[in-house]
Amino acid sequence: MLQVQFIRENKQTVLDGLAKRNFANAETIIEEVLTADETRRTTQVSLDTILAESNKISKEIGGLFKSGKAEEANQLKAKTGELKEQSKQLTEELNSAAEKLNELLYQIPNIPHPSVKAGKNEEDNEEVFKEGIVPNLGENALPHWELAKKYDIIDFDLGAKITGAGFPVYKGKGARLQRALINYFLDKNTAAGYNEVQVPHLVNEASGFGTGQLPDKEGQMYHVTGDNLYLIPTAEVPVTNMFRGDLVKEADLPIAVTGYTPCFRREAGSYGAHVRGLNRLHQFDKVEIVRVEHPDNSYNALNGMVEHIKDILRELKLPYRILRLCGGDTGFTSALTFDFELYSTAQERWLEISSASNFETFQANRLKLRFKNKEGKSQLVHTLNGSSLALPRVLAGILENYQTENGIKIPEVLVPYCGFDIID
């Protein structure tokens with residue numbers, strides 16, 4: 001969440017940023033934040049004054065008893081009782097004011113980076129890079145869901161039988177290709193300096209709030225109500241929360257972590273032909289990269305993540321483009337996001353396969369994730385994350401773009417991982 005001091009000192013900047021996002025009632029909620037903060041600070045001053053007076057009197061009481069002035073000491077003891085009651089009431093008021101302030105702050109998204117343009121939705125995103133050759137497959141090219149059925153490598157009906165729509169079963173060479181992609185992505189990431197971890201696939205409520213999925217995306221998450229746990233929508237949540245509450249050493253920055261997990265999303269309201277096959281699932285696999293950075297280096301790090309993902313797509317020889325998201329399409333927690341999309345030749349449309357984002361201090365403020373700077377003061381880090389990559393649409397792109405009359409070729413870089421060079 002935004003730091004209240006930043007809002008207080010940069011009110012117009014915050015309002016301008018929220019306007020880029022088309023955030024409704026921005027002025028109203030910002031005024032409510034400032035009012036709640038003033039109440040909190042005033043109450044804190046009153047409480048501190050009373051506690052200081054109480055401590056002073058307590059010392060005086062001790063001195064009076066030592067001097068044999070018991071009557072005066074007892075009179076002051078009565079005064080401390082009154083102060084104790086006042087401090088108790090003020091503590092309750094302070095907690096209430098702080099809770100109200102946090103509730104308001106949780107509703108406010110991050111402020112976009114200056115390079116982010118205003119816009120309403122994905123149609124206003126900017127294409128900033130494009131690379132790769134779109135193959136000419138001819139009129140007989142099949143979409144991936146038909147290829148999956150033809151070669152018996154992904155069974156959507158079987159998944160629906162077991163669980164429901166959006167939970168496919170990968171079979172034979174389809175399962176092996178899926179596993180090959182996971183291993184390839186992890187190897188690429190670790191070679192680039194990311195430390196591999198295996199993390200839980202369920203997180204608690206504090207973790208959901210820490211990275212900003214709660215309360216913003218509660219309706220999109222699967223909730224295990226009996227234990228009040230959530231199935232993760234992305235590895236970003238457990239990986240970033242590994243550092244929740246930490247005070248890291250400046251010398252340890254940057255921290256770079258990668259992890260593979262299945263991801264679970266309810267995707268409420270997602271219907272129609274555009275979500276067919278692997279285009280949008282309730283359970284899918286993804287390899288994630290997360291960085292904890294010094295604020296001075298976070299945008300260099302973001303550029304490095306973008307180049308790293310480019311390198312993977314170049315090795316896979318898939319046509320792709322990069323979009324800088326507009327204010328209206330940028331995620332709640334992000335300051336700047338680049339989306340990667342690959343071209344699905346059979347579907348004749350672009351499919352999102354990765355996002356690389358800088359959250360600046362937004363997540364770190366929720367996580368209470370700090371480092372000590374050169375002056376010895378605690379300072380919030382910047383957090384970043386990216387997909388490298390989300391598997392379903394990468395797999396869909398490989399199946400469609402590498403299809404031939406004799407079968408589906410395997411990208412050369414994946415052959416050592418698969419153990420075969422064609423699906424036929």
Side-chain angles (χ1 to χ4, degrees), residues 1 95 98-99 102-110 159-170 178 182 185-186 194-248 255 257-270 275 280-292 331-334 355 357 359 362-370 381 383-392:
M1 58 189 174
N95 291 338
E99 184 177 345
N102 274 337
E103 287 176 358
L104 290 167
L105 290 172
Y106 278 135
Q107 299 174 42
I108 303 172
N110 203 355
K161 172 186 175 182
I162 297 168
T163 307
F167 295 87
V169 173
Y170 299 85
Q178 180 88 338
I182 293 168
F185 293 153
L186 287 171
Y194 290 87
N195 184 40
E196 183 180 349
V197 295
Q198 289 189 355
V199 289
H201 302 160
L202 288 157
V203 293
N204 55 31
E205 196 171 63
S207 293
F209 274 95
T211 42
Q213 278 67 34
L214 297 176
D216 179 54
K217 293 182 174 63
E218 186 169 10
Q220 295 292 333
M221 296 173 71
Y222 286 99
H223 188 196
V224 183
T225 55
D227 300 293
N228 195 29
L229 297 173
Y230 292 86
L231 285 166
I232 59 170
T234 166
E236 169 202 346
V237 183
V239 171
T240 311
N241 273 278
M242 288 167 51
F243 308 102
R244 175 157 43 92
D246 287 358
L247 180 63
V248 300
I255 299 170
V257 183
T258 186
Y260 152 71
T261 66
C263 305
F264 304 88
R265 300 183 186 178
R266 293 185 62 238
E267 298 287 6
S270 297
V275 300
R280 183 158 295 174
L281 302 174
H282 294 304
Q283 177 180 330
F284 59 95
D285 292 319
K286 186 151 68 87
V287 176
E288 200 80 357
I289 49 177
V290 169
R291 299 187 71 90
V292 179
F332 186 88
T333 55
S334 177
S355 289
S357 302
F359 306 108
F362 193 87
Q363 287 183 335
N365 192 28
R366 290 179 173 225
L367 295 160
K368 306 305 176 196
L369 174 52
R370 295 177 166 87
V381 301
T383 60
L384 304 89
N385 91 280
S387 304
S388 64
L389 294 161
L391 272 78

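Here the structure is a predicted model, which is why all the values come from computation and not from measurement. These values consider heavy atoms only, across backbone and side chains, with no hydrogens, waters or symmetry-generated copies.
- L367 and G210 make their closest contact through CG-O, 3.4 Å (heavy atoms, listed as atom of the first residue, atom of the second, distance).
- Summarising the geometry, atom SG belonging to C263 is positioned 7.5 Å from atom CG belonging to D285; distances are rounded to the nearest 0.5 Å.
- Between the K368 side chain and the N365 main chain, a donor and an acceptor come within less than 3.5 Å of each other.
- Atoms CZ and OG, on R366 and S207 in that order, are 12.5 Å from each other to the nearest 0.5 Å.
- At least one side-chain heavy atom of L214 sits under 4.5 Å from a side-chain heavy atom of Y230.
- Each of F185, Y260, F284 was compared with L391 under the side-chain contact (heavy atoms from CB on, under 4.5 Å) criterion, and only F185 meets it.
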Inset, instruction - Walk me through it: do N228 and H223 pass the test side-chain contact (heavy atoms from CB on, under 4.5 Å)? - result: CA-CA 7 Å; N228 195 29; H223 188 196; 2.9 Å; yes

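- Every residue two or more places apart in sequence or in another chain that forms a salt bridge (Lys or Arg N to Asp or Glu O under 4.0 Å) with R291 is listed here: E293.
- Distance check: E236 CD to S355 OG gives 10.0 Å after rounding to the nearest 0.5 Å.
- Residues F243 and V257 form a side-chain contact, since some pair of their non-hydrogen atoms from C-beta on lies under 4.5 Å apart.
- Atom OG1 in T261 sits 11.0 Å away from atom CG in L231 (nearest 0.5 Å).
- Each of K286, Q213, R265 was evaluated against T234; a single residue qualifies, K286, per the side chain to side chain donor-acceptor pair (under 3.5 Å) test.
- Using a 4.5 Å cut-off on side-chain heavy atoms (C-beta onward), N102 and M1 make contact.
- For the atom pair L202 CG and D227 CG, the distance stands at 8.5 Å (nearest 0.5 Å).
- A distance of 11.5 Å separates CG of L186 from CD1 of I289, quoted to the nearest 0.5 Å.
- Distance alone, capped at 3.5 Å, places no donor-acceptor pair between the N385 side chain and the E288 backbone.
- Residues passing the ring pair (Phe, Tyr, Trp, His ring centres under 6.0 Å) test with H201, sequence neighbours excluded: none.
- The two residues S334 and S357 have their closest heavy-atom pair at OG-CB, 3.6 Å.
- The side-chain heavy atoms of N241 and T211, taken from C-beta on, include a pair separated by under 4.5 Å.
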Inset, instruction - Take F209 and Y106 through the ring pair (Phe, Tyr, Trp, His ring centres under 6.0 Å) test and state the conclusion after the steps. - result: CA-CA 9 Å; F209 274 95; Y106 278 135; 5.1 Å; yes

